[in-house]
Amino acid sequence: FRRAILSDYKSGRVGTPEKLELKKSYKAQVPYIQKILHCSGLIQVNHPNAEADDLAYQITRKTNMAGIKTVILTSDSDLLQCVNENTIFVHARANKDGERQVVDMENFVEETGFSSPHIYIQGKAISADDTDDIAGVHGIGLPTASKISKGHGSIQGFFEDVDQGLHKPKGVVQNRLNEEGRAVFERNMQLMDLSRAPQFLPDARFSKRAQPSFQAAMETLGELNLLKEIKPAFFEVFEAVAKQTGSVAEDILTLLKGMA
C-alpha cells in the first residue's frame with residue numbers, strides 16, 4: 001500500500017549489480033534462517049501484503065494490552081515507535097564494544113532526542129530516510145527535528161502554533177518546513193506511522209511452535225554446509241536471536257561458527 005502513496009518507495013534497494021547480488025545472496029539464506037529459527041522453537045509470522053514493521057508493531061500493541069513483556073530485536077529504527085510500557089527495543093547490531101542499544105520508555109528521550117515514540121516518528125517524517133527512499137524536508141535531519149519538537153511539543157505542534165499565530169517561523173529551515181514541509185510531513189506520516197497501516201494480523205500466517213530440536217538443527221546445518229560459504233548476515237541475525245532465546249539457539253550458533 002505504501003507504493004500507492006510513493007511510487008519510488010524502496011526503489012533504491014534494487015538496480016545496481018552490487019545490490020542485486022546482495023538481494024540474491026539474502027534470498028538464498030532465508031530458507032535456512034527460517035529452518036533454524038523453527039528448530040529453536042520460535043514462531044514466525046508473515047503476510048503477503050505486510051512489511052515486517054507492520055506485523056511487529058501490531059503484535060506489540062496486542063502484547064502491551066495483555067501486559068506481556070516484549071523485546072523488539074532489530075536494526076530498523078522505525079520500530080522505535082513500538083516501544084511502550086511493556087516493549088523494549090534492542091538493536092540487533094552490537095557496537096565495537098559488543099554492546100547493543102536498548103531503548104525503553106525510561107530512557108527514550110535520552111536515546112532518541114524525542115519525548116515519545118509517536119513524537120519520534122513525527123520527527124523522522126520530516127527527515128530523509130535514505131534506506132526506504134523517502135525524501136524529507138531539505139536541510140532538516142533528526143537533530144533539527146528534535147529541536148523543533150522540543151519547542152512546540154511535536155512537529156504537529158509546530159504547525160498548530162503557526163496556524164494559531166502563536167509562533168512565526170524563523171530562518172530558512174522553519175519557513176521551508178511551514179511551506180513545502182507540510183505536504184512532505186503528511187505524506188511521510190502515511191508511510192512511516194505504523195499505526196496508520198491496515199490491520200494485517202487477522203489474515204497473517206503464524207507458523208506452529210516446534211519443540212526445540214538439536215537434531216533437526218544439525219540436519220539443517222548439513223544442508224547449509226552445501227552452500228560452501230556462510231554469509232556474515234546469517235551470523236548477525238542468528239547471533240542476536242540466540243542471545244534472546246538461549247539454550248538450543250546458543251548451541252546451534254556455536255556449531256555455525258565452527259563450520260565457517
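We're numbering straight along the sequence, starting at 1.
Met189 and Leu6 fall within the same hydrophobic cluster, defined by Ile, Leu, Val, Met, Phe, Trp and Tyr side-chain heavy atoms under 4.5 Å apart, directly or through other members. Hydrophobic cluster membership is shared by Phe200 and Ile43, with clusters built from Ile, Leu, Val, Met, Phe, Trp and Tyr side chains linked at under 4.5 angstrom.
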Trace of the side-chain contact (heavy atoms from CB on, under 4.5 Å) decision for Val102 with Ile88: CA-CA 7 Å; Val102 178; Ile88 65 172; 4.2 Å; yes

side-chain contact (heavy atoms from CB on, under 4.5 Å) between Gln101 and Val90, intermediate numbers included: CA-CA 6 Å; Gln101 180 190 35; Val90 178; over 6 Å; no

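Of the charged side-chain nitrogens involved, at least one lies within less than 4.0 Å of a carboxylate oxygen, so that Asp163 and Arg182 count as a salt-bridged pair. Looking at Lys168 and Asp161, no side-chain N of the basic residue comes within less than 4.0 Å of a carboxylate O on the acidic one, giving no salt bridge. Between Arg196 and Glu186, at least one side-chain nitrogen of the basic residue sits less than 4.0 Å from a carboxylate oxygen of the acidic one, meeting the salt-bridge criterion.
Closest of all the heavy-atom pairs between Ile126 and Ala145 is CD1-CB, 3.8 Å. Scanning both residues, Ala197 and Arg2, for their nearest heavy atoms gives CB-NH2, 4.3 Å. Nearest heavy-atom pair across Cys82 and Ile72 is CB-CG1, 4.1 Å. Across all their heavy atoms, Ala204 and Val45 have their closest contact at CB-CG1, 3.9 Å. In this structure, Gly153 and Ile119 approach most closely via the heavy-atom pair O-CD1, 3.7 Å. In terms of heavy atoms, Asn86 sits closest to Asn64 at ND2-OD1, 2.9 Å.
For the pair Val103 and Glu110, the minimum side-chain heavy-atom distance is 4.5 Å or more. In this structure, His47 and Arg205 have side chains that are not in contact, with every pair of non-hydrogen atoms separated by 4.5 Å or more. For the pair Phe1 and Asp54, the minimum side-chain heavy-atom distance is below 4.5 Å. Within the 4.5 Å cutoff, the side chain of Met105 has heavy atoms near those of the Pro117 side chain.
When each of Asn178, Val184, Ile155, Val173 is paired with Val137, the side chain to side chain contact (heavy atoms under 4.5 Å, CB included) condition holds for Val184 and for no other.
Note: Phe159 and Phe185 meet the aromatic proximity criterion, with ring centroids under 6.0 Å apart.
Remark: the His167 side chain and the Gln174 side chain contain an N/O donor-acceptor pair separated by less than 3.5 Å. Side-chain polar atoms of Ser77 and Lys124 form a donor-acceptor pair below 3.5 angstrom. Thr60 and Thr70 share no side-chain donor-acceptor pair at under 3.5 Å. For the residue pair Thr74 / Asp76, no side-chain donor-acceptor distance below 3.5 Å is found, with atom types taken as modelled.
For Thr63 (side chain) and Ile59 (main-chain N/O), a donor-acceptor pair under 3.5 Å exists by modelled atom type. When atom types are taken as modelled, the side chain of Gln122 and the backbone of Gln156 share a donor-acceptor pair closer than 3.5 angstrom. Of the possible polar contacts, one joining the Asp104 side chain to the Asn107 backbone as a donor-acceptor pair under 3.5 Å is found. Judged by distance alone, the side chain of Gln81 and the main-chain N or O of Leu194 form a donor-acceptor pair under 3.5 Å. Counting only distance, with no hydrogens or angles, the side chain of His91 and the backbone of Arg93 share a donor-acceptor pair below 3.5 Å.
Among residues two or more places apart in sequence or in another chain, the side-chain contact (heavy atoms from CB on, under 4.5 Å) test is passed with Gln44 by Gln34, Leu37, His38, Ser207.
Here the CD1 atom belonging to Ile140 is positioned 7.0 Å from the OG atom belonging to Ser127, to the nearest 0.5 angstrom. Summarising the geometry, atom CG belonging to Asp53 is positioned 4.5 Å from atom CG belonging to Leu79; distances are rounded to the nearest 0.5 Å. Atom OH of residue Tyr120 and atom OG1 of residue Thr112 lie 7.5 Å apart, to the nearest 0.5 angstrom. In this structure, CG in Leu177 is found 13.5 Å from NE2 in His138, a value given to the nearest 0.5 Å. In this structure, the separation between CZ on Phe108 and OG on Ser116 is 6.5 Å, given to the nearest 0.5 Å. The distance from atom CD1 of Ile134 to atom CE of Met192, rounded to the nearest 0.5 Å, is 4.0 Å.
The cationic group of Arg61 lies under 6.0 Å from the six-membered ring centre of Tyr57 and within 45° of the ring axis, placing it in a cation-pi geometry.
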